[in-house]
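Indexing begins at 1, ligand by ligand and atom by atom, following the structure's order. Values below: every heavy atom of this structure, side chains too, minus hydrogens, waters and symmetry copies.
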Amino acid sequence: MPTSRNTDPKRPQLDWRFLKRFCRIVTVLFPSWCSQNVVMYGTLLVVALLVQLVVYQVGLIPSQFYGVLSEKNYGNFKELVAFSILLILLNSALKSLEQYISNLLYIGWRKCLTQNLHQDYFSGRVYYTLNVLRKDIDNPDQRMTQDVERLCKQLSSMASRLVISPFTISYYSYQCFEITGWIGLVSILGFFLVGTVVNKLLIGPIVSTLVEQEKLEGNFRFKHMQIRVNAESAAFYRAEEVEHVRTDHRFQSLLDTQRKLINRELLLYIGINTFDYMGSILSYIIIAIPIFAGVYDGLTPGEITSLVSKNSFVCIYLINCFTQLIDLSTTVSDVAGYTHRIGELQEVMKDISRKQCDQDRVYAGMSNFDSRDGEISSTSSDPAVTLDKLSFTSPVSEELLVKDLSLKVYEGVHLLVVGNTGTGKTSLLRVLNLLWEPYSGFVRMNACFGPRGIMYLPQKPFLTDGTLREQVIFPLNNIYPVTGPVDDERILRYLELAGMSSLVKRTGGLDEEVDWNWYDVLSPGEMQRLCFARLFYLQPKYAVLDEATSALTEEAEEQMYRACKQLGMTLISLGHRSSLKQYHDVMLKLCGGGQWEIIPLEKK
Ligand SMILES: Nc1ncnc2c1ncn2[C@@H]1O[C@H](COP(=O)(O)OP(=O)(O)OP(=O)(O)O)[C@@H](O)[C@H]1O
């Protein structure tokens, strides 16, 4: 049955789901009652109240000038001028302070929200699942960077107006009631109510278009990033023309959506401006009520002018308080859009995290080196890896890549995994690392990830940012074991063993900050050698090498394998080259269609 877009339950709206997501974000922005952000918000409230106090006094100045001038009182006039200047100076100082605190609040909120998202993103393997396997959430990077930034900016720009509104509205409502009675107050409240309902209707379609626009903005930026990262490969393909068309195409979709958003905002702007100007007329209608009712009949024209000026200030200010809230509609629609995007990301990350916790409980036995310092939890006679009737598929297919694989990997027995392209060699590692769920069967890893445990050299080398030392000790934060300067000598030795000592000269030393992108300055072979230097440095008991020598010559491959073995590592290699056989004892051959065979290898 066709459903209209407006009734799509998942469509971002200004609804109950928005409120839930917004409240969740607020608890992140204000983590506890005594947090820095709460203190800042409290200070903002005090400063904003002081501003209102001063604004009230400033608002009364014209009526005082009318009085003084109609009396031609020179002495009072001079005093009033001095008082006015003082008030204006105080007003500008307080308003600047208010702006300053709002800006600080923006930084505080951005820090809390981004760190909270990072906490979930980098917990376990959430970033992998989110980026590789979950297709329902677009551009998580953009949500954590640009969307959070814009949400916090918009909220901070609203903060002082929102924090002060209850106070100013109560105070000026009371004042308005004193002057005009019920009629004035009820008409202003009615005016605000109508304004809110109309704006709520106009904001509805804007929120979903804004969410769509942010998605396309992310896609456009991603395209540029793709070209930036792969500029060289693209240049070899002479890809400028086709990539130009594709990039422009993404840009065009973004512009179309932006135009749609602007069209929808037009109605909202018409609503806002109508209410702004209606408000100013309403204020005079309300003031006219007591005048026409004859309440001020006994006053002189000068006194009436002064009184009207004072009263109109109160009514106009109250209406202004409400119209300011209505003016926030565009900001509210932005906030709603960003809230949905960030809220959705939070929900998906929590969901992934929860599922992974359950999965980890089922496949207990694997842990990160942080928890147990990389020690192997078993005796060396236990197998490091046990697979029992393991079957798995790729995430998008029902077809088994491997069926009922049973295998044990013992220390000292080097295993080679071979098979045609796409038969599931790397996928086996994904299942071992719980990146993918097995279809059936049992996986057990006795070796922990890390030094003296098990380490992986993935097919695509991962190079972090930072100094050469940080590259070599990666993924550790600090040198391991903590041995001080002795470590320098180890790092240099292993760089030399990997054939990368020239890098020390290029970087200017182990701890020299480099401003280059490592992927741009190292050749694929050099990247693989650098990854071997890491492996030598960490000296795990088991090294899993996924086509880790594919960019090296056979002589270099031999050097790397010999060094690994000299350092006492048990090797599990994945690859196509027949030269790899000589370094291994057993070969697992994946034949495709779920078939596999184990073949003992003879030593030459
Ligand atoms: N993230 C993913 N989502 C969906 N399918 C995937 C994903 N990653 C890999 N696959 C598919 O799973 C199958 C096995 O991939 P895998 O990377 O294990 O192949 P491989 O044997 O290591 O190949 P190669 O020798 O080229 O490295 C392939 O058909 C691949 O297209």
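Between the side chain of W436 and the backbone N or O of S394, no donor-acceptor pair lies under 3.5 Å.
Taking the six-membered ring where tryptophan is involved, the planes of Y561 and Y583 are essentially parallel, since the angle between them stays under 30° and well short of 60°. Ring geometry for F449 versus Y456: interplanar angle under 30°, hence parallel rather than tilted (30 to 60°).
In terms of protein heavy-atom proximity, atom 11 (C) of ligand 1 is closest to S394 CB, 4.0 Å. Looking from atom 1 (N) of ligand 1 to the surrounding protein, the closest heavy atom is V132 CG1, 3.3 Å. Among all protein heavy atoms, the one lying closest to atom 4 (C) of ligand 1 is V396 CG2, 3.6 Å. For atom 19 (O) of ligand 1, the nearest protein heavy atom (residue, atom name, distance) is G422 CA, 3.5 Å. Residue, atom and distance of the protein heavy atom nearest to atom 17 (O) of ligand 1 are R430 NH1, 3.3 Å. Here the heavy atom of the protein found nearest to atom 26 (O) of ligand 1 is T421 CG2, 3.1 Å.
Under the 4.5 Å side-chain criterion, counting only non-hydrogen atoms from C-beta, R250 is not in contact with L216. With contacts defined as side-chain heavy-atom distances shorter than 4.5 Å, the pair C531/F462 does not qualify. Contact annotation: the side chain of L428 approaches that of L405 to within less than 4.5 Å [non-hydrogen atoms, C-beta and beyond].
Protein heavy atoms are absent from the 4.0 Å sphere centred on atom 31 (O) of ligand 1. For atom 9 (C) of ligand 1, the nearest protein heavy atom lies closer than 4.0 Å.
A384 approaches Y542 most closely through the heavy-atom pair CB-CZ, 3.1 Å. Residues H584 and L415 come closest through the heavy atom pair CD2-O, 3.3 Å.
Taking each of T426, D546, N131, T423 in turn, the one with a heavy atom nearest to atom 22 (O) of ligand 1 proves to be T426. When H576, Q459, K425 are checked for heavy-atom proximity to atom 27 (O) of ligand 1, Q459 turns out nearest.
Considering backbone and side-chain atoms together, G424 places an N or O closer than 3.5 Å to an N or O of ligand 1. Ligand 1 has an N or O atom lying under 3.5 Å from an N or O atom of S427, backbone or side chain. Taking any N or O of G419, backbone or side chain, none lies under 3.5 Å from an N or O belonging to ligand 1.
Under the 3.5 Å distance criterion, with hydrogens and angles disregarded, no donor-acceptor pair is assigned to the side chains of Q582 and E558. Defined by atom type and a distance below 3.5 Å, a donor-acceptor pair is missing between the side-chain atoms of Q528 and T549.
Listed by number with element, the atoms of ligand 1 under 4.0 angstrom from any heavy atom of E547 are 25 (O), 27 (O).
Using a 4.0 angstrom heavy-atom cutoff, W436 counts as in contact with ligand 1.
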